[in-house]
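Predicted model, so just to flag it, every value in this text is computed and none were measured.
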Amino acid sequence: MTGRKKNKFIILLILFLININALKSNFSKDYLLINGEESLISYGMDTTFNWWAITSPFDKHYKLYINGEDDGVYSRLTGLTFSSDGDNWAYFAYDNVQLFLITPDTIIKLVGNKHGVIVFSPNSEVLVYSYFVNNEEFIHHKNNVIRAMYRSSDIYINYDGTSIAFYEKRLSNRILNIDGIESLAFQNIHIFGFWHTGELLFAGGTTNYVEIYKGKKVISDAYSSIRNLLLNRYGTVASFIGTDFSGESFVILLSNEYNQPIISKRYDVIETITLHPSEPIIAAKARNYVNYLILYNSIEYYAGRNTNDPQFTHDGSEMYYIYCELSCFLVKNGKKYRIDNNSLIYKTVAIKPNSSTYAYTTNSTLILSKLESNEYITGMMVDETSEPRYNWRTNSYEALGRINNRLYLLTITSKD
């Protein structure tokens with residue numbers, strides 16, 4: 001390289017770095033959340049707008065911060081749960097042997113000696129919680145207390161929180177319990193949740209003979225097995241992976257818009273499925289022979305021999321996934337974009353709907369990258385990061401970053 005060309009290259013490099021720094025200052029902002037005066041034990045974010053962190057102000061005592069606020073010091077903290085809209089939360093805390101339930105506006109002293117579960121209704125307005133007295137579980141639902149000895153499933157709540165359901169295991173049977181009243185018994189039960197009309201949607205049968213029930217009515221054929229049961233928050237769409245008695249796998253979609261279940265083609269293997277947030281649409285990861293396919297209802301997209309699970313953006317407007325062969329591609333609603341980072345197939349990628357951007361985290365920072373170009377923006381450098389999210393309320397990609405005992409919120413605003 002001649003002296004003139006070398007000088008030109010250096011000038012262009014300096015201009016590039018100046019432009020990158022200008023972009024970073026315009027779009028990337030970082031905020032100190034925890035100042036490092038206390039030992040930082042763990043931290044995380046939900047999928048909406050909340051962040052949390054557990055610190056230890058002194059030995060064997062802990063404090064939980066939620067969006068910068070704390071409720072005091074306890075000997076143990078567990079069970080932090082956020083509602084689906086992010087506006088409500090609750091967790092259990094122990095002060096030595098005394099158990100508390102803590103919510104944004106109350107601290108409830110519980111008589112139990114062991115915590116149970118915390119569940120919010122899909123509309124985020126009703127809180128159900130439980131605790132144990134010896135081996136008996138006390139489940140608090142609104143003004144009722146349901147006592148259970150052998151609960152073996154999660155607790156399911158209908159959309160507005162007026163009904164709850166679970167099953168208990170008794171010898172070789174599982175018995176449904178709806179609002180404290182025991183109902184049907186089967187050798188095996190798998191619960192979806194409550195349908196929007198109020199009936200419980202579940203699968204009941206034996207080890208290798210299963211049917212789908214809505215209330216007490218059978219609404220499906222028989223299957224040798226089912227798995228990956230999904231129900232949207234409104235109780236209007238459900239889906240699962242079924243296996244028939246010949247061993248073939250397929251996806252079944254149930255919707256309030258259809259009189260009969262919608263059944264996909266058969267595949268060698270169907271690994272995962274995910275539901276659109278509100279519409280009767282599924283995305284699934286299937287395989288025939290050695291090649292993967294991503295299903296978007298009845299549409300098949302090629303996914304090579306190595307792919308991650310398909311996802312929907314928060315509003316459901318885009319379905320996306322990443323697959324790699326010789327090169328790697330991010331696919332949004334069927335359109336392929338080549339990406340240079342082959343590690344993204346193993347990472348959580350956040351996507352703003354109908355945007356030319358996506359974001360991910362490395363061990364040391366948050367990165368926004370633009371599709372169809374090599375332009376990218378980074379946050380500050382840290383020791384470790386959380387998974388990223390897109391916060392539609394602030395139009396920003398976000399992640400948490402830790403430096404020693406200090407915690408930062410890394411943000412990059414998406415302008416398109």
Colleague: Is it the case that more than 12 heavy atoms not belonging to Phe245 sit under 6.0 Å from its CZ atom?
Modeller: yes
Colleague: With a 3.5 Å cut-off and no angle check, do the side chains of Lys352 and Asn395 form a donor-acceptor pair?
Modeller: yes
Colleague: Please verify the inter-ring angle class for Phe138 with Tyr131; under 30° counts as parallel, over 60° as perpendicular, anything in between as tilted.
Modeller: parallel
Colleague: Is there a donor-acceptor pair under 3.5 Å between the side chain of Asn158 and the backbone N or O of Ser163?
Modeller: yes
Colleague: Would the distance check show the side chain of Ser56 and the main-chain N or O of His61 forming a donor-acceptor pair, the cut-off being under 3.5 Å?
Modeller: yes
Colleague: Please step through ring-ring contact (aromatic ring centres under 6.0 Å, His included) for the pair Phe192 and Phe240, ending with a clear verdict.
Modeller: CA-CA 9 Å; Phe192 290 83; Phe240 61 96; 5.7 Å; yes
Colleague: If you measure from the Lys or Arg side-chain nitrogens to the Asp or Glu carboxylate oxygens, is any gap between Lys265 and Glu300 under 4.0 Å?
Modeller: yes
Colleague: Using a strict threshold of under 4.0 Å (side-chain N to carboxylate O), is an ion pair present between Lys214 and Glu199?
Modeller: no
Colleague: Is a donor from one side chain sitting under 3.5 angstrom from an acceptor on the other, for Lys336 and Tyr323?
Modeller: yes
Colleague: Please walk me through it: do Glu38 and Lys63 pass salt bridge (Lys or Arg N to Asp or Glu O under 4.0 Å)?
Modeller: CA-CA 9 Å; Glu38 302 167 348; Lys63 185 187 298 184; 3.0 Å; yes
Colleague: Report yes if the side chains of Val382 and Asn363 come closer than 4.5 Å at any heavy-atom pair, otherwise no.
Modeller: no
Colleague: Please check if any side-chain donor atom of Thr365 sits under 3.5 Å from a side-chain acceptor atom of Thr362, or the reverse.
Modeller: no
Colleague: Looking at His141 and Gly161, would you say the former's side chain and the latter's main chain have a donor-acceptor pair under 3.5 Å?
Modeller: yes
Colleague: Between Arg305 and Glu325, is there a side-chain N and carboxylate O pair less than 4.0 Å apart?
Modeller: no
Colleague: For the NZ atom on Lys370, are there more than 12 heavy atoms of other groups (residues, nucleotides or ligands in this structure) within a distance under 6.0 Å?
Modeller: no
Colleague: Keeping Glu398 on the side-chain end and Pro388 on the backbone end, is there a donor-acceptor pair under 3.5 Å?
Modeller: no
Colleague: If we ignore hydrogens and angles and just use 3.5 Å, is the side chain of Arg402 paired with the main-chain N or O of Leu40 as donor and acceptor?
Modeller: yes
Colleague: Charged N to carboxylate O under 4.0 angstrom, Arg151 versus Glu168?
Modeller: no
Colleague: Could you report the tightest heavy-atom contact between Asp268 and Asn288, atom names first, then the distance?
Modeller: N-OD1, 3.0 Å
Colleague: Please say whether the positively charged group of Arg266, taken as NZ for Lys or CZ for Arg, lies over the ring of Phe250, i.e. under 6.0 angstrom from the six-membered ring centre and within 45 degrees of the axis.
Modeller: yes
Colleague: Answer yes or no: is there a donor N or O on one side and an acceptor on the other, between the side chain of Ser153 and the main chain of Phe166, under 3.5 Å?
Modeller: no
Colleague: Under a plain distance cut-off of 3.5 Å, with no hydrogens placed, do Glu248 and Thr243 share a side-chain donor-acceptor pair?
Modeller: no
Colleague: Within the distance-only criterion (no hydrogens, no angle test), does the side chain of Arg389 pair as donor or acceptor with the backbone N or O of Phe49 below 3.5 angstrom?
Modeller: yes
Colleague: Would Asp309 and Lys285 pass as an ion pair if we require N to O under 4.0 Å?
Modeller: yes
Colleague: If only atom types and distance count, is the side chain of Asn228 paired as donor or acceptor with the main-chain N or O of Thr272 below 3.5 Å?
Modeller: no
Colleague: What residue among Val331, Asn341, Asn308 forms side-chain contact (heavy atoms from CB on, under 4.5 Å) with Ile322?
Modeller: Asn308
Colleague: Any side-chain donor paired with an acceptor under 3.5 Å for Tyr43 and Glu384?
Modeller: yes
Colleague: Test your reading of the model: is there a side-chain donor-acceptor pair from Ser224 to the backbone of Asp244, 3.5 Å cut-off?
Modeller: yes
Colleague: When you measure from the side chain of Ser83 to the backbone of Ser124, do you find a donor-acceptor pair of N or O atoms at a distance under 3.5 Å?
Modeller: no
Colleague: Just by distance, with hydrogens left out, do Tyr94 and His115 show a side-chain donor and acceptor under 3.5 Å apart?
Modeller: yes
